[in-house]
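Following: one structure in structure tokens, then a few remarks.
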Amino acid sequence: RMTRQHRGLRSYIWTRQHALQLVLLLAAWWIALWWIAPAVVDWWAEVLGWAWPHLGLGPSDAVMLTKADPFGIPVHVIRTRFFVPVPNLWQWWFGALVSVGLLAVSWLLSRERLPLIYGLRIMGFLGLVSLLSYEYLSSLAVSDVNRLLTDNMLDIGLALLWLLPLVHALVLYIFPLPVLLKVMATTAGLLFVAISIPLQAASLAWLASECSLLVAVPLYMLFTFLPQIVGQLGIYGLFMSLAPAPQY
């Protein structure tokens with residue numbers, strides 16, 4: 001009943017009861033989300049509809065609740081409109097100087113600061129990509145920024161609502177946590193998604209509208225999916241730390 005794991009991972013007893021519990025919990029979450037997810041999306045639309053005029057992004061009707069049918073399943077999705085200005089000459093050169101400066105600083109830092117070095121190089125590289133794409137691929141650079149940032153962010157949030165219980169079933173429920181802690185972990189993860197997604201989408205739209213098209217690529221690559229991953233890893237790590245050590 002005890003299996004040996006590679007790389008010193010802890011070994012736990014796994015029984016048919018654990019497998020049944022996992023399947024039942026996952027099914028319960030998906031049944032609950034079938035009823036809850038549309039209400040969450042409606043709430044996102046109300047929050048963004050209120051935020052749009054207050055942030056100077058446009059009228060409330062620029063946030064539209066519509067239907068899509070991925071995989072043949074009709075779901076509510078949100079589509080937005082807002083204006084992102086075209087960069088002028090000084091903004092382009094300022095962005096170029098900042099991007100090159102970040103890369104230069106990364107080469108001057110000691111190798112002991114590798115995480116900071118990698119972060120600076122990623123930001124500098126993305127800045128250069130954004131500048132060059134606007135300069136030489138202008139048709140691509142100006143194409144539907146709201147779809148790239150806010151609409152994509154809202155779609156990611158909806159997907160996370162449905163996928164998070166499955167992720168927890170695969171990487172969290174396999175450990176001998178009490179059922180209540182498993183439920184609390186998934187509840188915390190879902191609440192994080194439900195509350196943060198409209199705030200994140202509105203923030204991305206506001207930053208893009210206050211700056212220019214040059215920030216679209218860095219914002220998309222660094223501030224859409226990545227913050228959600230970091231937050232969910234923190235929640236996962238918190239509840240994993242409560243798992244008891246195996247008894248040999």
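The basis for the numbers below is simple: all heavy atoms, side chains too, and nothing from hydrogens, waters or symmetry mates.
Connection of Phe192 to Leu181 is established within a shared hydrophobic cluster, with ILVMFWY side chains joined at heavy-atom distances below 4.5 Å, either directly or through further cluster members. Linking Ile, Leu, Val, Met, Phe, Trp and Tyr residues whenever their side-chain heavy atoms come within less than 4.5 Å places Ile122 and Val100 in a single cluster. Hydrophobic clustering, with ILVMFWY side chains joined whenever heavy atoms are under 4.5 angstrom apart, keeps Leu57 apart from Met64. Put simply, Leu207 and Leu199 are part of two different groups of oily side chains (I, L, V, M, F, W, Y) that touch within less than 4.5 Å, one to the next. One hydrophobic cluster, built from ILVMFWY side chains closer than 4.5 Å, holds both Leu242 and Val167.
Partners of Arg113 by side-chain contact (heavy atoms from CB on, under 4.5 Å), not counting sequence neighbours, listed by chain and number: Leu109, Leu116. Residues passing the side-chain contact (heavy atoms from CB on, under 4.5 Å) test with Leu102, sequence neighbours excluded: Val98, Leu120, Met123. Checked against side-chain contact (heavy atoms from CB on, under 4.5 Å), Pro59 has the following partners two or more places apart in sequence or in another chain: Asp61, Ala62.
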Can I get a per-line list of side-chain donor-acceptor pairs under 3.5 Å for residues 214-236, giving both atom names and the distance, sequence neighbours left out?
{"residue": "Thr224", "atom": "OG1", "partner": "Tyr220", "partner atom": "O", "Å": "2.5"}
{"residue": "Gln228", "atom": "NE2", "partner": "Ser196", "partner atom": "OG", "Å": "2.9"}
{"residue": "Gln228", "atom": "NE2", "partner": "Gln200", "partner atom": "OE1", "Å": "2.8"}
{"residue": "Gln232", "atom": "NE2", "partner": "Gly189", "partner atom": "O", "Å": "3.1"}
{"residue": "Tyr236", "atom": "OH", "partner": "Val171", "partner atom": "O", "Å": "3.0"}

Side chains of residues 76-89: which donor-acceptor pairs under 3.5 Å do they make with residues two or more places apart or in other chains?
{"residue": "Arg79", "atom": "NH1", "partner": "Asp155", "partner atom": "OD1", "Å": "3.3"}
{"residue": "Arg79", "atom": "NH2", "partner": "Asp155", "partner atom": "OD2", "Å": "3.4"}
{"residue": "Thr80", "atom": "OG1", "partner": "Thr150", "partner atom": "OG1", "Å": "2.6"}
{"residue": "Thr80", "atom": "OG1", "partner": "Asp151", "partner atom": "OD1", "Å": "2.8"}
{"residue": "Asn88", "atom": "OD1", "partner": "Trp90", "partner atom": "N", "Å": "3.4"}
{"residue": "Asn88", "atom": "OD1", "partner": "Trp90", "partner atom": "NE1", "Å": "3.0"}
{"residue": "Asn88", "atom": "OD1", "partner": "Gln91", "partner atom": "N", "Å": "3.0"}

Atom pairs and distances, side-chain donor-acceptor, residues 19-46, under 3.5 Å, sequence neighbours left out:
{"residue": "Gln21", "atom": "OE1", "partner": "Lys182", "partner atom": "NZ", "Å": "2.6"}
{"residue": "Trp29", "atom": "NE1", "partner": "Tyr173", "partner atom": "OH", "Å": "3.0"}
{"residue": "Trp30", "atom": "NE1", "partner": "Trp162", "partner atom": "O", "Å": "2.9"}
{"residue": "Trp44", "atom": "NE1", "partner": "Ala194", "partner atom": "O", "Å": "2.8"}

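Interatomic distance, CG of Leu161 versus CG of Leu163, reported as 9.5 Å (0.5 Å rounding). The structure places OG of Ser212 at 8.0 Å from OH of Tyr134, a figure rounded to the nearest 0.5 Å. Taken from CZ in Phe94 to CG in Leu131, the straight-line distance is 11.5 Å, to the nearest 0.5 Å.
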Checking side chain to side chain contact (heavy atoms under 4.5 Å, CB included) for the pair Ile197/Met153: CA distance, chi angles, key distance, verdict? CA-CA 7 Å; Ile197 287 295; Met153 188 70 255; 3.6 Å; yes

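Leu149 and Ala208 get closest at one heavy-atom pair: CD1-CB, 3.8 Å. Taking all atoms of both residues into account, the shortest heavy-atom contact from Ala169 to Ile174 is O-CG2, 3.7 Å. A pairwise comparison of heavy atoms in Ala202 and Leu55 identifies CB-CD1, 3.9 Å as the closest pair.
Under the 3.5 Å distance criterion, the side-chain polar atoms of Ser106 are left unmatched by any main-chain donor or acceptor of Ile117. Checked by atom type and distance alone, the side chain of Ser209 pairs as donor or acceptor with a backbone atom of Trp206 at under 3.5 Å. Remark: the backbone N or O of Leu238 is paired with a side-chain donor or acceptor of Ser241 at under 3.5 angstrom. For Ser130 (side chain) and Gly127 (main-chain N/O), no donor-acceptor pair under 3.5 Å exists by modelled atom type.
Using a 4.5 Å heavy-atom threshold, the side chains of Thr187 and Val183 count as touching.
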